[in-house]
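Both ligands and their constituent atoms are indexed starting at 1 by order of listing. Just so you know, these numbers come straight off a predicted model, no measurement behind them.
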Amino acid sequence: MRTMLVTGGAGFIGANFVHLTRSRHPEDHIIVLDKLTYAGNRDSLAGAEVEFLEGDVCDAALVDAAVSRADAVIHFAAESHNDNSLRDPRPFVDTNVVGTFTILEAVRRHETRLHHISTDEVFGDLALDDPARFTETTPYQPSSPYSATKAGSDHLVRAWVRSFGVTATISNCSNNYGPYQHIEKFIPRQITNILDGRTPKLYGTGEQVRDWIHVDDHNAAVHLILEQGRIGETYNIGADNDHVDNKRVMELICELMDAPGYEHVADRPGHDQRYAMDSTKLRTELGWAPRYTDTDTGMRAGLEQTIAWYRDNEAWWRPAKEQVEAGYAERGQ
Ligand code: NAD
Ligand code: TDX
């Protein structure tokens, strides 16, 4: 039996990771450490047997005690929303940078295996007409306070590997979608807008490109890296959806939900244009491949599953809806 410490396990990707791990490794003991910020939801772990620690990844004593009992730490906890980081960057510096530092010091002390979860946004963005993809050696050029703090956390992990021999791996993944994603984010916001009788909202022209991946494909890659990844290495994760712009995703959601249309709203300041991930290393070294692929946008089956989940789980998202939309309305979005 292994003990896994999952930070941020009440958030979107972390909760999906816990459910996947429970189904694949029922014998594992899972400790979830989560502060339950506005983005964390205890209900996302319903049905999964876990030891739940409510607390902050910046709390060195709490983190040390939890890490001392773990065989591996999977570090998802972060402030994750770009729009929020533009209004109040402080929690991003605290959780993403100081939180990761705190985790690193604990795994250093206890010689514990760490996998650090990061994002494609550390590489900055590409021009819309640039067909390049980010590789593991693309220089970091983050644009927002969110991506800058994630970039900082990645640098810390690499420095702790090299300077202190910490046994860590990193993965940088593209935009995820799927069940349990907070309704402030693009895809669940539009799905719940339609379910709620509101008009879906597209920022600016909607020509930006995100390399969408289903959350289960991301987490399957994390499992592979944990089991077979080389220590000190970084793996890019992406499902080759870098030809699908926001407008196309919006049209597909409207089509699948029989919605009459959407409206254009104020654009995000400094809006990153195009993200595209080259996941060749993960595919060739570890044999990973995404399961959610199809010949249209690569997202139809995954979106159908995600829409059905939000339809069936209104009690999960309803309490946040009014406030999230009021916040967006204040900013003309
Ligand atoms: P999320 O915002 O849905 O969840 C974050 C979780 O972390 C929440 O449960 C929250 O309560 C918890 N948390 C926040 N601050 C904390 C703190 N100080 N101490 C303890 N817990 C804290 O985020 P997500 O979308 O699930 O992202 C998870 C990770 O994956 C992040 O590191 C993010 O950078 C990365 N990532 C996300 C995406 C994406 O598309 N969502 C893509 C690539 C990488
Ligand atoms: O209502 C909206 N309308 C809209 O057009 C919202 C909320 C977003 N958008 C656009 C902005 C982006 O181009 O959709 C795209 C996706 O937006 P978000 O869901 O906010 O994601 P993004 O900013 O791309 O970042 C996400 O992917 C990388 C996650 O939030 C990050 O945590 C992850 O690192």
Asker: Starting from atom 3 (N) of ligand 2, locate the nearest protein heavy atom and write down its residue, its atom name and how far away it is, to 0.1 Å.
Answerer: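 Going atom by atom, the protein heavy atom closest to atom 3 (N) of ligand 2 ends up being Lys201 O, 3.0 Å.
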
Asker: I want to check a possible cation-pi pair here: Arg268 against Tyr203, using under 6.0 Å from ring centre and within 45° of the ring axis as the test.
Answerer: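 Verdict for Tyr203: no cation-pi partner in Arg268.
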
Asker: Look at Asp240 together with Arg133 and state whether they make a salt bridge at an N to O cut-off of under 4.0 Å.
Answerer: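 Salt bridge present between Asp240 and Arg133.
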
Asker: For ligand 2, does Gln333 get within less than 4.0 Å through its side chain, its backbone, both, or neither, judged by non-hydrogen atoms?
Answerer: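 It is neither part, as no heavy atom is under 4.0 Å.
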
Asker: Does Thr135 use its side chain to pair, donor to acceptor, with the backbone of Asp278 at less than 3.5 Å?
Answerer: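 Side chain of Thr135 to backbone of Asp278: no pair is present.
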
Asker: Note the single closest protein heavy atom to atom 23 (O) of ligand 2, along with its residue, its atom name and the distance in Å.
Answerer: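 Looking at atom 23 (O) of ligand 2, the protein heavy atom closest to it is Arg268 NH1, 2.6 Å.
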
Asker: Could you list the atoms of ligand 1 found under 4.0 angstrom from a heavy atom of Asn175?
Answerer: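 Numbered from 1, ligand 1 contributes 40 (O).
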
Asker: Does any N/O atom on His75 come nearer than 3.5 Å to any N/O atom on ligand 1?
Answerer: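 There is no such contact.
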
Asker: In this structure, does ligand 2 have an atom that sits under 4.0 Å from one of the heavy atoms of Glu184?
Answerer: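 Yes, Glu184 has a heavy atom closer than 4.0 Å to ligand 2.
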
Asker: Can you list the ligand 1 atoms lying under 4.0 Å from a non-hydrogen atom of Tyr146?
Answerer: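 It comes down to these atoms of ligand 1: 33 (C), 34 (O).
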
Asker: Hey, does Thr119 come in under 3.5 Å of ligand 1, counting only N/O atoms on both sides?
Answerer: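 No - when backbone and side-chain N and O of Thr119 are compared with those of ligand 1, no distance drops under 3.5 Å.
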
Asker: Can you tell me which residue and heavy atom of the protein come closest to atom 10 (C) of ligand 2, and the distance to 0.1 Å?
Answerer: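 Of every protein heavy atom, Asn246 ND2, 3.5 Å lies nearest to atom 10 (C) of ligand 2.
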
Asker: Residue-level breakdown please: for Leu36 versus ligand 1, do any non-hydrogen atoms fall below 4.0 Å on the side chain, on the backbone, on both, or on neither?
Answerer: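 Backbone only.
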
Asker: Run the side-chain contact (heavy atoms from CB on, under 4.5 Å) test against Arg162 and tell me which residues pass, sequence neighbours left out.
Answerer: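 Residues passing side-chain contact (heavy atoms from CB on, under 4.5 Å) with Arg162: none at all.
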
Asker: Which atoms from ligand 1 have a heavy atom of Ser174 less than 4.0 Å away?
Answerer: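 Those atoms are 42 (C), 43 (C).
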
Asker: Can you tell me the protein heavy atom closest to atom 21 (O) of ligand 2 and the distance?
Answerer: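 Nearest protein contact, heavy atoms only, for atom 21 (O) of ligand 2 is Asn175 ND2, 3.4 Å.
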
Asker: Any atoms of ligand 1 less than 4.0 Å from a non-hydrogen atom of Ser118? List them with their elements.
Answerer: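 Those atoms are 43 (C), 44 (C).
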
Asker: Look at atom 2 (O) of ligand 1 and say which protein heavy atom is nearest, naming residue and atom and giving the distance to 0.1 Å.
Answerer: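 For atom 2 (O) of ligand 1, the nearest protein heavy atom is Ser80 OG, 2.7 Å.
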
Asker: How far is atom 1 (O) of ligand 2 from its nearest protein heavy atom, and which residue and atom name does that atom have?
Answerer: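 Checking every protein heavy atom, the shortest distance to atom 1 (O) of ligand 2 gives Arg189 NH1, 2.7 Å.
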
Asker: Answer with side chain, backbone, both or neither: which part of Pro91 has a heavy atom less than 4.0 angstrom from an atom of ligand 1?
Answerer: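 For Pro91, no heavy atom sits under 4.0 Å from ligand 1.
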
Asker: Please determine whether a side-chain nitrogen of the Lys or Arg among Arg274 and Asp130 lies less than 4.0 Å from a carboxylate oxygen of the Asp or Glu.
Answerer: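 A salt bridge is absent here (no side-chain N lies under 4.0 Å from a carboxylate O).
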
Asker: Is Lys150 close enough to touch ligand 2? Criterion: a residue heavy atom under 4.0 Å from a ligand atom.
Answerer: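 It does not; every heavy atom stays at 4.0 Å or beyond.
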
Asker: Quick test of your reading of the model: are Arg42 and Glu54 salt-bridged, counting only N-O distances below 4.0 Å?
Answerer: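 Salt bridge absent between Arg42 and Glu54.
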
Asker: Nearest to atom 25 (O) of ligand 2, what protein heavy atom do you find, and at what distance?
Answerer: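 It is Glu121 OE2, 2.8 Å.
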
Asker: Any Lys/Arg nitrogen of Asp83 or Arg87 sitting under 4.0 Å from an Asp/Glu carboxylate oxygen of the other?
Answerer: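 The answer is no: the pair does not qualify as a salt bridge.
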
Asker: Are any of the N or O atoms of Gln181 closer than 3.5 Å to those of ligand 1?
Answerer: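 Min N/O separation from ligand 1 is not below 3.5 Å for Gln181.
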
Asker: Taking non-hydrogen atoms only, is Lys150 closer than 4.0 angstrom to ligand 1 via side chain, backbone, both or neither?
Answerer: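 The side chain, only.
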
Asker: Under 3.5 Å, N or O to N or O, is His218 touching ligand 1 that way?
Answerer: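 Between His218 and ligand 1 (N or O atoms, distance only) the closest approach is not under 3.5 Å.
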
Asker: Salt bridge check: are Asp196 and Arg318 linked by an N-O gap of less than 4.0 Å?
Answerer: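 Judged by the 4.0 Å cut-off on N to carboxylate O distance, Asp196 and Arg318 do form a salt bridge.
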
Asker: When only distance counts, is Cys173 in polar contact with ligand 1, meaning an N/O pair under 3.5 Å?
Answerer: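 No; every N/O pair is 3.5 Å or more apart.
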
Asker: I would like to know whether Arg24 and Glu227 meet salt bridge (charged side-chain N to carboxylate O under 4.0 Å, His left out); could you show each step before the answer?
Answerer: CA-CA 13 Å; Arg24 287 185 171 190; Glu227 284 151 21; 5.8 Å; no

Asker: Which is closest to atom 16 (C) of ligand 2 in terms of heavy atoms, Phe12, Phe186, Tyr203?
Answerer: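 Among Phe12, Phe186, Tyr203, the closest heavy atom to atom 16 (C) of ligand 2 comes from Phe186.
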
Asker: Measure the distance from atom 4 (O) of ligand 1 to every protein heavy atom, then report the residue, atom name and distance (to 0.1 Å) of the closest one.
Answerer: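 Closest protein heavy atom to atom 4 (O) of ligand 1: Gly11 CA, 3.4 Å.
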
Asker: Would you call Arg158-Glu136 a salt bridge at under 4.0 Å N-O?
Answerer: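 Glu136 and Arg158: not salt-bridged.
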
Asker: Which option out of Ala77, Ala78, Gly55 puts a heavy atom nearest to atom 14 (C) of ligand 1?
Answerer: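 Heavy atom nearest to atom 14 (C) of ligand 1 belongs to Ala78.
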
Asker: Taking the non-hydrogen atoms of Met250, is any one of them nearer than 4.0 angstrom to ligand 2?
Answerer: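 No, that is not the case, since the closest heavy atom of the residue is not under 4.0 Å from the ligand.
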
Asker: When you look for heavy atoms under 4.0 Å from ligand 1, do you find them on the side chain of Cys58, its backbone, both, or neither?
Answerer: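 Cys58 to ligand 1: no contact under 4.0 Å from either part.
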
Asker: Is Arg90 salt-bridged to Glu79, going by a charged N under 4.0 Å from an acidic O?
Answerer: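 No, no charged N to carboxylate O under 4.0 Å.
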
Asker: Does Lys185, backbone or side chain, put an N or O under 3.5 Å from an N or O of ligand 1?
Answerer: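 No.
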
Asker: Taking non-hydrogen atoms only, is Lys185 closer than 4.0 angstrom to ligand 2 via side chain, backbone, both or neither?
Answerer: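 It is both parts that get close, each with some atom under 4.0 Å.
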
Asker: Which of these, Ile13, Asp59, Asn41, has its nearest heavy atom closest to atom 38 (C) of ligand 1?
Answerer: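 The residue whose heavy atom sits nearest atom 38 (C) of ligand 1 is Ile13.
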
Asker: Show the atoms of ligand 1 that are less than 4.0 angstrom away from any heavy atom in Ile117.
Answerer: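 By the 4.0 Å cutoff, the relevant atoms are 29 (C), 30 (O), 32 (O), 35 (C).
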
Asker: Between Glu27 and Arg2, is there a side-chain N and carboxylate O pair less than 4.0 Å apart?
Answerer: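 No, Glu27 and Arg2 are not salt-bridged.
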
Asker: Within a distance under 4.0 Å of any heavy atom of Phe76, pick out the atoms of ligand 1 and give their elements.
Answerer: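 In order of numbering, the contacting atoms are 28 (C), 29 (C), 31 (C), 32 (O).
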
Asker: Looking only at protein heavy atoms, which one is nearest to atom 11 (C) of ligand 2, and what is the separation?
Answerer: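 Its nearest protein heavy-atom neighbour is His271 NE2, 3.4 Å.
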
